[in-house]
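Reading through the structure tokens given below for one structure.
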There are 4 protein chains.
Amino acid sequence: MATVTRTGTAQRNAPRPRADAVRNRERIVAAAREMFVEFGPEVPLDEIARRAGVGNATLYRHFPDRDELIRHVVVSVMSRTTDRADAATAEEADPFDALRRFVHAAADERIGALCPMLADGFDKEHPELLAERARLEHAVDGLMERARQAGRLRDDVAVGDLMVALSQLTRPLPGSACVNFDQFVHRHLQLFLDGLEAPARSVLPGSPATLEDLRRES
Amino acid sequence: MATVTRTGTAQRNAPRPRADAVRNRERIVAAAREMFVEFGPEVPLDEIARRAGVGNATLYRHFPDRDELIRHVVVSVMSRTTDRADAATAEEADPFDALRRFVHAAADERIGALCPMLADGFDKEHPELLAERARLEHAVDGLMERARQAGRLRDDVAVGDLMVALSQLTRPLPGSACVNFDQFVHRHLQLFLDGLEAPARSVLPGSPATLEDLRRES
Amino acid sequence: MATVTRTGTAQRNAPRPRADAVRNRERIVAAAREMFVEFGPEVPLDEIARRAGVGNATLYRHFPDRDELIRHVVVSVMSRTTDRADAATAEEADPFDALRRFVHAAADERIGALCPMLADGFDKEHPELLAERARLEHAVDGLMERARQAGRLRDDVAVGDLMVALSQLTRPLPGSACVNFDQFVHRHLQLFLDGLEAPARSVLPGSPATLEDLRRES
Amino acid sequence: MATVTRTGTAQRNAPRPRADAVRNRERIVAAAREMFVEFGPEVPLDEIARRAGVGNATLYRHFPDRDELIRHVVVSVMSRTTDRADAATAEEADPFDALRRFVHAAADERIGALCPMLADGFDKEHPELLAERARLEHAVDGLMERARQAGRLRDDVAVGDLMVALSQLTRPLPGSACVNFDQFVHRHLQLFLDGLEAPARSVLPGSPATLEDLRRES
DNA sequence: TATGAATGAGTATTCATTCAT
DNA sequence: AATGAATGAATACTCATTCAT
């Protein structure tokens with residue numbers, strides 16, 4: 001039955017979610033992202049629930065199993081990373097500076113936390129994921145293309161090369177073994193970016209990779 | 001009771017181990033390295049024993065707990081990596097070529113498998129580990145110093161920078177999620193090496209890191 | 001405060017229930033009976049609520065716990081079965097035909113669903129249940145007595161024998177494992193009825209049982 | 001590697017199982033059968049392990065999941081029931097007496113415990129099960145055929161009719177709600193047998209059923 | 001020494017029941 | 001009165017480690 005909300009929008013079968021439920025959901029996702037980064041994707045869900053300040057069953061109500069939760073975190077991180085790419089594109093005059101800014105920003109968004117989530121049973125074909133990945137790929141591709149057009153980015157690299165190296169270099173160590181690890185990470189990223197700059201200083205083996213190439217059957 | 005070995009050395013309470021025991025130990029370490037790389041350090045020990053072709057209790061006889069086994073694998077990988085560094089030093093005329101060769105060789109030795117082993121309860125102060133780490137650090141430092149002397153390596157990087165980035169870039173994805181992942185890795189390493197080359201194309205944040213800096217308390 | 005209903009009866013503290021509440025209650029009982037038959041009495045109450053088209057908390061408002069709900073379903077099935085017995089008595093000229101008709105009718109009323117409800121913590125002494133059981137026993141006893149008087153029913157069986165065998169033979173298989181199971185059931189009932197017919201073809205062990213005998217302490 | 005045992009038999013890859021393991025396995029199966037009969041197939045496995053006097057993980061070593069355990073119990077009950085059928089055939093002169101004896105013996109073997117095991121996710125196509133079922137069907141079919149040949153069994157029933165009714169009539173009540181339930185059961189079986197005897201006292205609906213007809217798609 | 005078996009402690013997940021809207 | 005959400009108390013199942021052969 002259609003109802004009319006205060007804003008005048010007609011809705012079907014989607015009653016406004018309760019405020020506390022929305023708050024819980026957000027708290028769970030936030031806690032999950034933090035703990036995936038800190039302890040890896042095997043972290044006990046009960047601990048995530050505890051950090052989120054909810055009962056374990058509440059977590060399961062929102063995310064029926066671990067994969068569901070992981071997927072939501074992945075998509076959320078991807079989305080925020082894409083936003084950073086767009087911001088860098090919009091706000092930086094120099095195209096290679098834009099790329100640099102994006103790379104460091106992605107590290108701050110904990111994009112490295114995505115790596116362990118690409119594991120085994122994870123459904124890489126989920127529509128929601130595919131959509132978000134396309135959006136991310138498009139944004140980063142734009143950044144790279146502009147830098148390439150300006151003659152600042154070497155020709156033999158593609159978006160997959162950047163994103164995978166970026167994820168790996170920022171990937172968290174299990175148990176946050178090293179306190180000031182973040183400091184190092186930004187050094188590594190800077191070095192990698194220097195390697196990306198044109199003119200190329202060496203010949204790369206293999207061929208440029210898109211995100212598509214990262215699927216198992218590639 | 002002292003026994004005399006073939007080499008003439010007198011030993012106490014350490015009879016020459018049975019040949020099959022030695023073989024078992026080696027098979028266990030080899031299986032563990034493979035499976036840590038493929039599935040991460042959480043892989044069930046029973047599975048390692050199975051791949052090694054021994055009973056689980058045999059594994060426990062040789063390595064009383066998981067940490068012990070991890071440590072042996074770590075030390076073994078470090079040792080082989082050091083050997084590769086020495087070989088590169090000895091056999092490559094150009095110092096930066098030697099560095100390149102070492103980096104790719106270390107990847108082939110699965111040095112990335114070391115990362116997850118730096119986790120949580122791992123005893124980073126174990127004498128055996130410290131000794132092996134010193135040996136590795138010394139060898140890599142030598143490689144870098146020679147390249148720096150030749151004006152081929154930028155001044156603002158140290159052995160810790162190289163080793164951590166190297167480990168991270170070659171770190172295996174859980175569940176070997178991507179078939180031709182190795183191919184990518186060598187591209188990333190090459191790009192990183194290009195970034196290491198002198199003259200420096202940017203200013204790095206922070207300061208050069210030794211392996212020592214990677215300890216928790218640093 | 002007393003209120004006066006349409007029928008003129010004075011009632012205390014029991015205002016006429018809202019029409020939708022009555023409808024909900026009936027839908028819950030109907031859904032419960034179906035699902036108890038199909039999946040057994042362990043079926044999640046949330047599922048029953050879902051099939052009834054109400055929220056789970058509504059179910060709990062009407063039936064504070066599972067036993068309460070089970071009891072209502074049991075009583076309702078018993079009541080409908082008694083009605084069938086009365087109808088058979090009234091409408092069939094031949095007394096054994098009446099018995100046959102009742103047995104098959106009881107199967108259609110899913111009397112077999114009663115069996116699993118006799119379990120564990122179920123309160124077999126609840127007044128409502130006792131009353132309904134007495135009514136059922138009286139009706140079936142009447143049917144049997146008439147058949148016996150006519151020399152059509154063997155002498156060595158009582159109402160308990162019939163009702164238990166009837167419940168067991170029509171008891172649903174868990175998960176409705178077999179599609180055309182109902183077809184079989186009516187064959188079995190027919191065979192059992194043939195065995196009830198006089199003259200007795202064998203000597204039965206034990207002694208005739210009333211419904212009373214089915215209580216735990218008997 | 002082939003080894004020669006004391007009995008001179010050559011064996012491959014099948015070392016003699018340890019005596020204690022065999023004992024444990026048997027204890028588990030026995031406990032499971034008892035508890036399935038008493039509480040139904042949903043009984044907690046930990047409780048079965050407890051009654052068997054072993055740790056829960058020992059149960060899981062022998063039977064990886066609940067279905068595996070259920071299957072073993074089912075097969076074991078079927079097997080013992082078949083043995084009873086063979087014994088009845090061999091030792092009773094009168095064919096209908098043999099059938100009677102078998103029916104009561106099957107009840108004593110708790111054949112009713114099989115009913116709840118035919119539920120939902122149970123793999124009815126498992127080779128071991130099919131083999132045992134064939135053996136049982138053959139034995140019971142022989143019993144019935146002999147009785148039919150002697151003119152003692154009505155023509156319009158088949159092995160499926162007997163086995164299903166037998167299972168249902170002996171099916172345990174949940175929670176062993178009724179102490180002397182067994183006594184009743186044998187009365188019901190006797191009545192049912194009287195109904196099976198020739199000449200038929202009524203016309204049965206449907207058609208004779210084999211065990212094959214009990215599969216879902218039938 | 002080598003090994004299959006045993007086990008307790010841990011984690012994921014479900015569900016009856018209560019709470020807040 | 002009706003409901004979606006929250007929760008703790010189960011239960012299935014896994015795995016590191018110890019035990020018995």
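Labels below follow one simple rule: chain letters A, B, ... track the order of the sequence lines, proteins then strands, and each chain is numbered from 1.
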Rounded to whole Å, how long is the line connecting atom [atom1] of [X] with atom [atom2] of [N]?
X	N	atom1	atom2	value
A:Arg23	E:dT21	CZ	C1'	12 Å
D:Met35	F:dT11	CE	P	11 Å
C:Asp65	E:dC15	CG	P	18 Å
B:Glu68	F:dA16	CD	P	16 Å
D:Glu42	F:dA10	CD	P	18 Å
B:Arg66	E:dG10	CZ	C1'	14 Å

Given that D:Val43 and A:Gly53 both sit by DNA chain F, which one's nearest nucleotide is further toward the 5' end?
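Of the two residues, A:Gly53 wins.
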
Between [atom1] on residue [X] and [atom2] on residue [Y], distance to nearest 0.5 Å:
X	Y	atom1	atom2	result
B:His72	B:Ile28	NE2	CD1	11.0 Å
C:Leu129	C:Ile70	CG	CD1	12.0 Å
A:Phe63	A:Glu68	CZ	CD	8.0 Å

Minimum heavy-atom distance between C:Val37 and C:Ala113, given as atom pair plus value
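So the two residues come closest at CG2-CB, 3.3 Å.
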
Taking 4.0 Å as the cut-off, does a side-chain nitrogen or oxygen of C:Asn24 come that near to OP1 or OP2 on F:dA2?
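Yes.
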
Want to settle it: does A:Asp20 or D:Arg25 sit nearer the 5' end of DNA chain E, counting the closest nucleotide to each?
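Closest to the 5' end, via its nearest nucleotide, is D:Arg25.
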
State, yes or no, whether a side-chain contact exists between [X] and [Y] at a heavy-atom distance under 4.5 Å.
X	Y	result
A:His126	A:Asp123	yes
B:Arg66	B:Leu69	no
A:Val22	A:Glu26	yes

Please output the side-chain donor-acceptor pairs of residues 42-62 of chain A that fall under 3.5 Å, not counting sequence neighbours, one pair per line with the distance.
| residue | atom | partner | partner atom | Å |
| --- | --- | --- | --- | --- |
| A:Glu47 | OE2 | A:Arg50 | NH2 | 3.3 |
| A:Arg51 | NH1 | A:Glu34 | OE1 | 2.6 |

In chain order, what residues pass the side-chain hydrogen bond (donor to acceptor under 3.5 Å, both in side chains) check against B:Glu128, with sequence neighbours excluded?
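Expected list: B:Arg71.
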
State which residues pass side-chain hydrogen bond (donor to acceptor under 3.5 Å, both in side chains) with B:Arg110; sequence neighbours excluded, sorted by chain then number.
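Once residues adjacent in sequence are excluded, the partners of B:Arg110 under the side-chain hydrogen bond (donor to acceptor under 3.5 Å, both in side chains) criterion are B:Asp182.
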
Please determine whether side-chain contact (heavy atoms from CB on, under 4.5 Å) holds for the pair A:Val77 and A:Leu114, giving the CA-CA distance in whole Å, both sets of side-chain angles, and the decisive distance to 0.1 Å.
CA-CA 8 Å; A:Val77 169; A:Leu114 265 52; 3.3 Å; yes

When the C1' atoms of the five terminal pairs at each end define the local axes, what inter-axis angle does the helix from E:dA2-F:dT21 to E:dT21-F:dA2 show, to 10 degrees?
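Roughly 10°, once rounded to the nearest ten degrees.
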
Tell me which residues in residues 57-64 of chain D lie within less than 4.0 Å of DNA chain E, going by non-hydrogen atoms.
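Listed by number, they are D:Ala57, D:Thr58, D:Arg61, D:His62.
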
Among the candidates F:dT17, E:dT17, E:dT3, find the nucleotide nearest to the side-chain atoms of B:Val54.
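Minimum distance to the B:Val54 side chain belongs to E:dT3.
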
Applying a 4.0 Å non-hydrogen cut-off, can you work out what C:Asn56 is touching in the nucleic acid: base, sugar-phosphate, or nothing?
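Base contact - C:Asn56 has a heavy atom under 4.0 Å of at least one base atom.
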
Any residue in residues 44-52 of chain C with a heavy atom nearer than 4.0 angstrom to DNA chain F? Just list them by number, or reply none.
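Residues of residues 44-52 of chain C under 4.0 Å from DNA chain F: none.
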
